[in-house]
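Report on the structure given below.
Along the sequence shown, residues carry numbers from 1. The structure displayed is predicted, hence computed values, not measured ones.
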Amino acid sequence: LLTFLPRGRNFKLVDLGSGSNLPTIRALDLQGSGSHEIDVISVEVVPESMAIGQNNVTAARLDARYTFVLEDINSFLGRWEFGANQAIVTNPPYLPAPTDVPDKKNIPVNGGSDGSKYLQLILEGNIPSGTWVAMQWSSLSNPLKIIGIIEERYDVLYAVAHRTSFGKYTGSAALKPHLLRLGDQGIAVIETDAAGTNYF
């Protein structure tokens, strides 16, 4: 995202679901003393995750560039007024989870029954035209719905995809059967190789 932002401006980077803050810390580190002055609004709803993020920011000596907001994404988007020199980065919970799986265990990844809960909320939020948005999501998160929203409301400047095998959450007994059902229904996109390994 930083490579696309217009030069010579000061930006506020709103990180929705910021967690550890490691991606923004790394981006600021790579940017170094570039021609942007970036400050980060770090929005996180889980206090323990926010504490980890704050510790990481302190360890990177970037405290002066971060503001921490303990709030859920929906509430934040409902009250925040985006300005001209603000951008959004987000890696929200985007994995589908059945309603009977306890939220406490899966809160870091639970994106609702089809994985699009937070993605749709962000993409259809009250975000002014011209706002830069960078987000990470997956082919498990109802891609037809999400791509439709993106095509209707956004211009895509850059996209990259990685093939990833099922892992800690996606391969768990709590989520994997649900994901495979969504794949059979055409809601999620899953590849399975000859050895039976599932990929998204």
Subject >> Set of residues satisfying side chain to side chain donor-acceptor pair (under 3.5 Å) with respect to Gln86, sequence neighbours excluded >> reply: Trp80
Original post:
Which heavy atom of Pro143 sits nearest a heavy atom of Ser139, and at what distance?
Top reply: CD-O, 3.3 Å
Subject >> Atom CG of Asp193 with >12 non-hydrogen neighbours under 6.0 angstrom >> reply: yes
**OP:** Determine, stepwise, if the pair Trp137 / Ile146 fulfils side chain to side chain contact (heavy atoms under 4.5 Å, CB included).
**Re:** CA-CA 9 Å; Trp137 56 293; Ile146 298 304; 3.6 Å; yes
Subject >> Value rounded to 0.5 Å, distance of CG in Asn142 from OG in Ser113 >> reply: 9.0 Å
**OP:** Check whether any side-chain heavy atom of Leu77 sits under 4.5 Å from a side-chain heavy atom of Ile122, and report yes or no.
**Re:** yes
Subject >> Approximate separation, where rounding is to 0.5 Å, of Leu13 CG and Thr24 OG1 >> reply: 7.0 Å
Original post:
When clusters are formed by joining ILVMFWY residues with side-chain heavy atoms under 4.5 Å apart, either directly or through shared neighbours, do Phe166 and Val189 land in the same one?
Top reply: no
Original post:
Stepwise, does the side chain to side chain contact (heavy atoms under 4.5 Å, CB included) test hold for Phe76 with Leu16?
Top reply: CA-CA 9 Å; Phe76 179 84; Leu16 298 174; 3.7 Å; yes
Original post:
Would Thr170 and Phe200 count as a side chain to side chain contact (heavy atoms under 4.5 Å, CB included) if you check the C-alpha gap in whole Å, the side-chain angles of each, and the deciding distance to 0.1 Å?
Top reply: CA-CA 9 Å; Thr170 48; Phe200 64 100; 3.8 Å; yes
Subject >> Basic-acidic side-chain contact under 4.0 Å: Arg163, Glu191 >> reply: yes
**OP:** Answer whether the closest heavy-atom distance between the side chains of Asp15 and Val43 falls below 4.5 Å.
**Re:** no
**OP:** Measure across Ser20 and Asn56 and return the closest heavy-atom pair with its distance rounded to 0.1 Å.
**Re:** O-ND2, 3.0 Å
Original post:
Who passes side-chain contact (heavy atoms from CB on, under 4.5 Å) against Thr67, sequence neighbours left out?
Top reply: Ile41
Original post:
Taking atom types as modelled and ignoring hydrogens, do the side chains of Tyr66 and Asp39 form a donor-acceptor contact shorter than 3.5 angstrom?
Top reply: no
**OP:** Answer whether the closest heavy-atom distance between the side chains of Thr131 and Tyr154 falls below 4.5 Å.
**Re:** no
Subject >> Contact check, side chains of Leu62 and Ile25, non-hydrogen atoms, under 4.5 Å >> reply: yes
Original post:
Within a radius of less than 6.0 Å around CD of Glu81, do more than 12 heavy atoms belonging to other residues, nucleotides or ligands occur?
Top reply: no
Original post:
So, for Pro47 and Val45, which heavy atoms are closest and what is the spacing to 0.1 Å?
Top reply: CD-O, 3.4 Å
Original post:
Is it the case that one hydrophobic cluster holds both Leu140 and Tyr169, taking links as side-chain heavy atoms less than 4.5 Å apart, direct or via other members?
Top reply: yes
Original post:
Would you call Arg181-Asp184 a salt bridge at under 4.0 Å N-O?
Top reply: no
Original post:
Looking at side-chain heavy atoms only, is the closest gap between Gln54 and Phe68 below 4.5 Å?
Top reply: yes
**OP:** Walk me through it: do Ile73 and Leu121 pass the test side chain to side chain contact (heavy atoms under 4.5 Å, CB included)?
**Re:** CA-CA 8 Å; Ile73 291 172; Leu121 184 69; 4.0 Å; yes
Subject >> Polar contact flag, side-chain donor to acceptor under 3.5 angstrom, Asp63-Thr58 >> reply: yes
Original post:
How long is the gap from CE on Met135 to OG on Ser141, to the nearest 0.5 Å?
Top reply: 9.0 Å
**OP:** Return the minimal non-hydrogen interatomic distance between Phe82 and Pro128, and the atom names on each side.
**Re:** CB-CD, 3.6 Å
Original post:
Is it the case that one hydrophobic cluster holds both Leu180 and Leu144, taking links as side-chain heavy atoms less than 4.5 Å apart, direct or via other members?
Top reply: no
Subject >> Side chains of Asn21 and Ser42, donor plus acceptor under 3.5 Å >> reply: yes
**OP:** First locate atom CG of Asp29, then atom CZ of Arg26, and finally report the distance between them rounded to the nearest 0.5 Å.
**Re:** 5.5 Å
**OP:** State, with a plain yes or no, whether a side-chain heavy atom of Thr3 is found less than 4.5 Å away from one of Tyr158.
**Re:** no
Subject >> Tyr118: partners by ring-ring contact (aromatic ring centres under 6.0 Å, His included), with sequence neighbours left out >> reply: none
Original post:
Does Glu44 reach the main-chain N or O of Leu70 with its side chain, forming a donor-acceptor pair under 3.5 Å?
Top reply: no
Original post:
Linking I/L/V/M/F/W/Y whenever their side-chain heavy atoms sit closer than 4.5 Å, directly or via other members, would Leu2 and Phe11 fall into one cluster?
Top reply: yes
Subject >> Atom pair CG/CD of Asp114 and Gln185 - distance to nearest 0.5 Å >> reply: 10.5 Å
Original post:
Between Pro92 and Gln136, which heavy-atom pair has the shortest distance, and what is it?
Top reply: CD-O, 3.8 Å
Original post:
Do the side chains of Ile147 and Ile187 join up, straight or via other hydrophobic residues, at under 4.5 Å, putting them in one cluster?
Top reply: no
Original post:
Hey, is CZ on Arg61 packed in by over 12 heavy atoms from elsewhere, all under 6.0 Å?
Top reply: no
Original post:
Would you say the side chain of Glu71 lies within less than 4.5 Å of the side chain of Arg79, judging by non-hydrogen atoms?
Top reply: yes
Subject >> Interatomic distance, Leu119 atom CG to Tyr94 atom OH [nearest 0.5 angstrom] >> reply: 9.0 Å
Original post:
Are the side chains of Arg65 and Ile38 in touch, meaning some heavy atoms are under 4.5 Å apart?
Top reply: yes
